[in-house]
J.: 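One structure, as structure tokens, below. Some questions next.
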Amino acid sequence: MDDLTDAVVFTASDENSGMRADAALAGFCAEEGLSLTRSAIAKLISDGLVTKNGSPIQKNYKLSRGDVLILTVPEPEACDVAPENIPLDVVYEDGDVIVVNKPQGMVVHPAPGHATGTLVSALLYHCGDSLSGIGGVTRPGIVHRIDRDTSGLICAAKNDAAHASLALPLKDHSMARTYEAICLGRLPADEGRIEAPIGRSRTDRKKMAVVSDGRPAATNYRVLRVFENGSAMSHVELKLETGRTHQIRVHMAHVGHPLLGDSVYGGGSTVFEKHHPGVLAGQCLHAKELTFIHPSTGEKMTFSAPRPANFDRVIELLGN
């Protein structure tokens, strides 16, 4: 877009001096009622769409008083994901948001090897054109993700303003997510906090890992029950403080208690699985509760979803 009417013009003040450009621009856009998150602005900076004196700025550029930045917002790309008539377990829906209880085994958004049968395809069919475009062409509306083999609650936005509002709470903790899991072994305490940075594994780029230069991550756990049949296993509740990829799975493996059934992070091929084939189909992890501030009403809303049948079956078998 060559016309400045299609761009955002920002002039740095004394108050902005020394701030990172993406942070300052995100605050300015919020004040102007523009649906652009800090991560979206950082992507625009990386794409060379934020300039100073006609030249693109760097991602980590820090402002000086009087800097004039021009942020060019490209037209949204058309979604190339095909809608599919896949039944959804809708927990809540209004004009701004939809909360779905995702079954285990469903991929959230298209990826190599998973072009169809995704939650995004189901949402496109269910919601039609009323999904936000902030997530890009392959995952419209998706505010946060859960893994394919994790069951439970996930929220999608039905317009860009709702998406921008819901994306911020993931960082300021006004969105809360609680999970249940079965992990191997007995944890050292009935309650605890795991704090360790997470980034891409240096030995396997398909995995995440605790790495010194990773992004900060914290998970709180509470032991609900310990099963002592042969090798001990624990039924735990987990609450996220951050939302890193595979966070619970990586953190639990890091402290020596990987999730039952998680072959990627060391919890697979257990004696339990050999004795009870077919009960598990991946990690035993369920997103049971989701709390957020509604983007239009400001109301605090909490939703819950029951454990899937196979999770309850695991508990029954361990209890016996």
Side-chain angles (χ1 to χ4, degrees), residues 86-89 91 100-109 111-114 116-119 122 144-154 177-187 194 198 201 204 206-209 219 221-240 243-290 304-320:
I86 302 170
L88 289 173
D89 181 3
V91 177
V100 174
N101 181 18
K102 185 189 81 68
Q104 187 180 46
M106 175 181 270
V107 175
V108 171
H109 62 85
H114 300 284
T116 62
T118 67
L119 178 63
H144 63 102
R145 293 187 297 166
I146 54 177
D147 300 333
R148 177 185 65 182
D149 291 330
T150 300
S151 59
L153 297 172
I154 186 167
R177 289 176 287 168
T178 304
Y179 292 73
E180 281 188 51
I182 303 293
C183 69
L184 307 189
R186 176 192 283 274
L187 286 147
I194 305 166
I198 292 176
S201 169
D204 185 346
K206 295 180 180 180
K207 294 172 59 175
M208 307 302 289
T219 305
Y221 71 83
R222 180 170 67 92
V223 177
L224 303 176
R225 183 179 178 184
V226 177
F227 302 97
E228 294 287 5
N229 288 342
S231 299
M233 293 191 193
S234 300
H235 181 193
V236 293
E237 178 184 87
L238 304 120
K239 293 188 176 183
L240 296 179
R244 309 303 176 214
T245 301
H246 297 179
Q247 178 173 318
I248 289 174
R249 299 166 63 191
V250 171
H251 270 175
M252 295 304 289
H254 176 66
V255 297
H257 301 281
L259 303 189
L260 175 64
D262 191 349
S263 58
V264 175
Y265 293 105
S269 302
T270 60
V271 173
F272 176 87
E273 292 167 90
K274 292 175 183 176
H275 287 172
H276 306 286
V279 174
L280 284 172
Q283 65 273 2
C284 198
L285 180 63
H286 175 65
K288 73 171 184 177
E289 191 171 281
L290 176 66
S304 59
R307 295 187 299 260
N310 69 326
F311 196 127
D312 283 339
R313 179 60 176 156
V314 170
I315 291 176
E316 178 186 357
L317 289 168
L318 289 173
N320 291 334

J.: Please lay out, stage by stage, how His257 and Val236 fare under the test side chain to side chain contact (heavy atoms under 4.5 Å, CB included).
T.: CA-CA 11 Å; His257 301 281; Val236 293; over 6 Å; no
J.: Show your reasoning for whether side chain to side chain contact (heavy atoms under 4.5 Å, CB included) applies to Leu184 and Met233.
T.: CA-CA 5 Å; Leu184 307 189; Met233 293 191 193; 4.1 Å; yes
J.: Does the side chain of Met252 reach to within under 4.5 Å of the side chain of Leu238, using non-hydrogen atoms?
T.: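 With C-beta onward as the side chain, the pair touches.
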J.: Before giving the answer on side chain to side chain contact (heavy atoms under 4.5 Å, CB included), spell out for Glu180 and Leu224 the whole-Å C-alpha distance, their side-chain angles and the decisive distance to 0.1 Å.
T.: CA-CA 9 Å; Glu180 281 188 51; Leu224 303 176; 4.2 Å; yes
J.: If every non-hydrogen atom of Leu285 is compared with every non-hydrogen atom of Ala181, which pair is closest and at what distance?
T.: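 Closest pair (atom of Leu285, atom of Ala181, distance): CD1-CB, 3.7 Å.
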J.: Less than 3.5 Å apart, which donor and acceptor atoms pair up between the side chains of residues 263-272 and the rest of the protein, not counting sequence neighbours?
T.:
residue, atom, partner, partner atom, Å
Tyr265, OH, Met208, N, 2.9
Tyr265, OH, His246, ND1, 2.7
Thr270, OG1, Glu273, N, 3.2
Thr270, OG1, Glu273, OE2, 2.9

J.: Once rounded to the nearest 0.5 Å, what's the spacing between atom CG of Leu153 and atom CD1 of Ile146?
T.: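 That separation rounds to 7.5 Å.
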J.: Taking the side chain as C-beta and beyond, is there a heavy-atom pair between Ser234 and Val226 under 4.5 Å?
T.: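 The answer is yes; the side chains approach within 4.5 Å.
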J.: Any heavy-atom pair between the side chains of Leu119 and Leu88 that's under 4.5 Å?
T.: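 In short, these two side chains touch, coming nearer than 4.5 Å.
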J.: With a 4.5 Å heavy-atom cut-off, do Ser304 and Lys288 have their side chains touching?
T.: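 Heavy-atom side-chain distance check fails, nothing below 4.5 Å.
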J.: Listed by chain and number, what are the side-chain contact (heavy atoms from CB on, under 4.5 Å) partners of Asn310, not counting sequence neighbours?
T.: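 Partners of Asn310 under the side-chain contact (heavy atoms from CB on, under 4.5 Å) test: Gln104, Pro308.
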J.: To the nearest 0.5 Å, tell me how far Asn101 CG sits from Asp89 CG.
T.: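 Answer rounded to 0.5 Å: 4.5 Å.
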J.: Evaluate the ring planes of Phe311 and His286, with Trp represented by its six-membered ring, and classify them as parallel (under 30°), tilted (30 to 60°) or perpendicular (over 60°).
T.: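 Geometry flag for His286 against Phe311: perpendicular rings.
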J.: Check side chain to side chain donor-acceptor pair (under 3.5 Å) between His254 and all other residues, then give those that pass, not counting sequence neighbours.
T.: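 Checked His254 against side chain to side chain donor-acceptor pair (under 3.5 Å); zero matches.
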J.: With sequence neighbours excluded, give me every salt bridge (Lys or Arg N to Asp or Glu O under 4.0 Å) pair touching residues 221-230.
T.: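 Qualifying pairs, neighbours excluded: Arg186-Glu228, Arg222-Glu237.
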J.: Sequence neighbours excluded, which residues qualify as side chain to side chain donor-acceptor pair (under 3.5 Å) partners of His251?
T.: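 His251 satisfies side chain to side chain donor-acceptor pair (under 3.5 Å) with Thr219 once adjacent residues are dropped.
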J.: List in chain and number order the residues that pass salt bridge (charged side-chain N to carboxylate O under 4.0 Å, His left out) with Asp147, two or more places apart in sequence or in another chain; answer none if no residue qualifies.
T.: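 Residues passing salt bridge (charged side-chain N to carboxylate O under 4.0 Å, His left out) with Asp147: Arg249.
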J.: Please determine whether side chain to side chain contact (heavy atoms under 4.5 Å, CB included) holds for the pair Ile86 and Met106, giving the CA-CA distance in whole Å, both sets of side-chain angles, and the decisive distance to 0.1 Å.
T.: CA-CA 11 Å; Ile86 302 170; Met106 175 181 270; 3.8 Å; yes
J.: Mind checking what makes ring-ring contact (aromatic ring centres under 6.0 Å, His included) contact with Tyr179, not counting sequence neighbours?
T.: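 Expected list: none.
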J.: Does some side-chain heavy atom of Thr245 sit less than 4.5 Å from a side-chain heavy atom of Arg145?
T.: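 A side-chain contact exists here, since the closest heavy-atom pair is under 4.5 Å.
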J.: Please report the shortest heavy-atom distance between Thr118 and Val108, naming the atom on each side.
T.: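 For Thr118 versus Val108, the nearest heavy atoms are CB-O, 3.8 Å.
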J.: If you measure from OH on Tyr221 to CD1 on Ile248, what distance do you get to the nearest 0.5 Å?
T.: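 Atom-to-atom, Tyr221:OH and Ile248:CD1 are 14.0 Å apart.
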J.: Could you list all the salt bridge (Lys or Arg N to Asp or Glu O under 4.0 Å) pairs where at least one residue sits in residues 310-320, not counting sequence neighbours?
T.: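 Pairs touching residues 310-320 that pass the test: Arg307-Asp312, Arg313-Glu316.
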J.: Sequence neighbours left out, what passes side-chain contact (heavy atoms from CB on, under 4.5 Å) with Asp204? Give chain and number order.
T.: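 With neighbours one apart ignored, the set is Ser201, Lys206, Lys207.
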J.: Kindly write out the residues that satisfy side-chain contact (heavy atoms from CB on, under 4.5 Å) with Arg244, not counting sequence neighbours, or none if the list is empty.
T.: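 Result, side-chain contact (heavy atoms from CB on, under 4.5 Å) vs Arg244: Ile198, Arg215, Pro216, Ala217, Thr242, Gln247.
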J.: Can any side-chain N or O of Lys102 pair as donor or acceptor with the backbone N or O of Val107 at less than 3.5 Å?
T.: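 The answer is no, because no donor-acceptor pair under 3.5 Å joins these two groups.
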